[in-house]
**Q** 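Structure provided below as structure tokens; questions to follow.
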Amino acid sequence: MKNSEALPQTFDLVIKNVHLLTMDKKTHHQAYGLINDAAIAVLNGEISWLGQATDLPDIPCKNVVDGQGQFLSPGLIDCHTHLVFAGSRADEFEKRLNGMSYKEIAEQGGGILSTVNATREASFDELLALAETRVNTLMKEGVTCIEIKSGYGLNTETEIKMLKVAQALEQSFPVEIRRTFLGAHAVPPEFKNDPDGYIDYLITDTLPALVEQDLVDAVDGFCENIGFSTEQIKKLFDAAKKYNLPVKLHAEQLSDSGGTGLVIDMEGLSADHVEYLSEKDCIKLSHSVTIPVLLPGAFHSLSETQLPPIKILRELNVPMAIGSDYNPGSSPLCSLKLMLSLACTHFKLTPEESLLGVTCNAAKALGLDKVGALKVGYRADFCLWDIKHPAELSYTFGINPLTRMWIRGQTCFL
Ligand code: NIG
Ligand code: FE
């Protein structure tokens, strides 16, 4: 329903006295799609009206909230996490500080495989309890939608366990969870020296089992010299397409391996990391539906120096999303709010680009509509921030400015 269309008889919720960061610049042309001195109204969990407070239609509403002049944004979307896992890799953090590289640790059987061992051993309930703490932590800083990958099971049984934990989280919390199958994350010990055999196993055993149990929204992989080749990933993606599952890829993280080109050709949702993305592939991205997802937490934690080609992407008007990549190895940083800051300080995104990265562009990276912006008909997922300027969301870290949050128009207790 457009603002101009017939208005309802009642609203369920009205938030008055707020500045709206609509993130909808097509309609509201100021930075952040800002509407100052605004109000927003909700009916049946959706935005029913928004605009200047003086234009708020005179419609009865039992629940009217005074926003006290604060800023209201869409709920934040973390479009790339690995938050279901057991164990810790603090020992590897120390090894890296003593000079060993992420790649060397992985090649010696540590890295992802060390988390695989811990995750295989953990019970469903143990994994769920760990994941609940992490979801709660993200939510406290305004996250209302989270993508969660499998990929620490690397066998059918444990991949199912991980994705069932991700599914159970939606029972514990009002957040939306998107579940991604990342079986092609590393070659497990059972298939050592036979990565092709492992890809075949994923295609013939794991993926059908997950589809059968309706556990997957998308299929991901790790395309890298320490992961899988483009040919191996293509085979897996062809299988995903047969189930009509969208694909996405960890691509160009440690080298220019051609993963982004592949995911674009397969009309995938996103290419994630992209530090080593070439100018040619930036141009290719600009003509595609695929969204680059920047992961400043991994860049930061691995002390990387190769920056993603932000300037080129910006000049080509490619929408850039940002995720926390929260995981025990490359990004043990469970904070999307911190990513806003790191995206600015490391990648030189503007605060506005950063916020777009965790709202409307993150929604695009997950193939979701009706979230990530304040628009009539969109889901009433809101964060109310006690800030004086929207750039404060990226500028400060440590003091949490989130004062209230709603998901589907319902207050969340933080
Ligand atoms: O996004 N690059 C591969 N996967 C993860 C790291 C996972 C891990 O180290 O456990 C990432 O950085
Ligand atoms: Fe990742």
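Side-chain atoms are counted along with the backbone in the values below, which use heavy atoms only and exclude waters and symmetry mates. Indexing begins at 1, ligand by ligand and atom by atom, following the structure's order.
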**Q** Would you mind listing which atoms of ligand 1 come within a distance below 4.0 Å of any non-hydrogen atom of His80?
**A**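 Counting from 1, the qualifying ligand atoms are 1 (O).
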**Q** Give the residue, atom name and distance (to 0.1 Å) of the protein heavy atom nearest atom 12 (O) of ligand 1.
**A**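 Its nearest protein heavy-atom neighbour is Ser330 OG, 2.5 Å.
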**Q** Polar-atom distance check: Thr115 versus ligand 1, any N or O pair below 3.5 Å?
**A**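 In this structure, Thr115 places no N or O atom under 3.5 Å from an N or O of ligand 1.
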**Q** Decide whether the shortest distance between a heavy atom of Phe85 and an atom of ligand 1 is less than 4.0 Å.
**A**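 Checking ligand 1 against Phe85, which is what was asked, there is no heavy-atom contact under 4.0 Å.
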**Q** Give the atom numbers and elements of ligand 1 that come within less than 4.0 Å of a heavy atom of Ile112.
**A**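 Every atom of ligand 1 under 4.0 Å from some heavy atom of Ile112: 7 (C), 8 (C), 9 (O), 10 (O).
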**Q** Can you sort out which atoms of ligand 1 are near Gly329, meaning under 4.0 Å from one of its heavy atoms?
**A**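 Numbered from 1, ligand 1 contributes 9 (O).
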**Q** Mark up the atoms of ligand 1 that fall under 4.0 Å of a heavy atom belonging to Arg89, in ascending order.
**A**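 Here the atoms of ligand 1 in question are 8 (C), 9 (O), 10 (O).
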**Q** Considering only protein heavy atoms, which is closest to atom 3 (C) of ligand 1, and at what distance to one decimal place?
**A**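 Result for atom 3 (C) of ligand 1: His185 NE2, 3.5 Å.
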**Q** Starting from atom 7 (C) of ligand 1, find the nearest protein heavy-atom neighbour and note its residue, name and distance.
**A**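 Here the closest protein heavy atom is Tyr152 OH, 3.3 Å.
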**Q** Under 4.0 Å between a side-chain nitrogen and a carboxylate oxygen: does that hold for Lys284 and Asp265?
**A**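 A salt bridge links Lys284 with Asp265.
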**Q** Does Lys311 pair with Glu315 as a salt bridge, N-O distance under 4.0 Å?
**A**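 No, no charged N to carboxylate O under 4.0 Å.
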**Q** For ligand 1, which atoms sit closer than 4.0 Å to a heavy atom of Phe222?
**A**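 Every atom of ligand 1 under 4.0 Å from some heavy atom of Phe222: 2 (N), 3 (C).
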**Q** Give me the one residue out of His250, His80, Lys149, Gln253 that meets side chain to side chain donor-acceptor pair (under 3.5 Å) with Asp325.
**A**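 Looking at His250, His80, Lys149, Gln253, the match for Asp325 under the side chain to side chain donor-acceptor pair (under 3.5 Å) is His80.
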**Q** Just to be sure I understand the site: which N, O or S atoms from the protein are less than 2.8 Å away from the Fe ion (ligand 2)?
**A**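 Protein N, O or S atoms closer than 2.8 Å to the Fe ion (ligand 2): His80 NE2, His82 NE2, His250 NE2, Asp325 OD1.
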**Q** With sequence neighbours left out, what residues match Pro319 under side chain to side chain contact (heavy atoms under 4.5 Å, CB included)?
**A**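 Only Ile291, Asn361, Lys364 meet the side chain to side chain contact (heavy atoms under 4.5 Å, CB included) criterion with Pro319.
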**Q** With the threshold set at 4.0 Å, does a side-chain nitrogen-carboxylate oxygen contact exist between Glu46 and Arg408?
**A**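 Salt bridge between Glu46 and Arg408, a charged N being under 4.0 Å from a carboxylate O: no.
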**Q** Students should be able to answer this: which protein heavy-atom is nearest to atom 2 (N) of ligand 1, and at what distance?
**A**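 The answer is Gln253 OE1, 2.8 Å.
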**Q** State, with a plain yes or no, whether a side-chain heavy atom of Thr260 is found less than 4.5 Å away from one of Leu249.
**A**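 In short, these two side chains do not touch, never coming nearer than 4.5 Å.
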**Q** Establish, from distance only, whether the side-chain atoms of Thr156 and Asp205 form a donor-acceptor pair under 3.5 Å.
**A**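 Per modelled atom types, Thr156 and Asp205 side chains form a pair under 3.5 Å.
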**Q** Can you name the atoms of ligand 1, numbered from 1 with element, that are less than 4.0 Å from a heavy atom of His273?
**A**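 Per the distance check, 1 (O), 2 (N), 11 (C), 12 (O).
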**Q** Nearest 0.5 Å, please: how far is CG in Leu113 from CD in Gln108?
**A**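 Reported value, rounded in 0.5 Å steps: 12.5 Å.
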**Q** Tell me, please, whether Phe85 has Arg134 positioned over its six-membered ring: NZ or CZ under 6.0 Å from the ring centre and within 45 degrees of its axis?
**A**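 Verdict for Phe85: a cation-pi partner in Arg134.
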**Q** Quick one, Ile177 and Glu147 - any side-chain contact, counting heavy atoms below 4.5 Å?
**A**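 No, side chains not in contact.
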**Q** Heavy-atom contacts with Tyr102 under 4.0 Å: which atoms of ligand 1 show up? List them by number with element.
**A**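 With Tyr102 as reference, the close atoms of ligand 1 come out as 6 (C), 7 (C), 8 (C), 9 (O).
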**Q** Looking at Lys242 and Asp238, is any side-chain nitrogen of the basic one under 4.0 Å from a carboxylate oxygen of the acidic one?
**A**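 So Asp238 does not pair with Lys242 through a salt bridge.
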**Q** Check each heavy atom of Glu224 against ligand 1 and say whether those closer than 4.0 Å belong to the side chain, the backbone, both or neither.
**A**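 Contact part for Glu224 vs ligand 1: neither.
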**Q** Check the angle between the aromatic planes of His346 and His300 and answer parallel, tilted or perpendicular using the 30° and 60° thresholds.
**A**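 If you compare the ring of His346 with that of His300, the planes turn out tilted.
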**Q** Do NZ/NE/NH1/NH2 and the carboxylate oxygens of Arg178 and Glu176 come within less than 4.0 Å?
**A**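 Yes.
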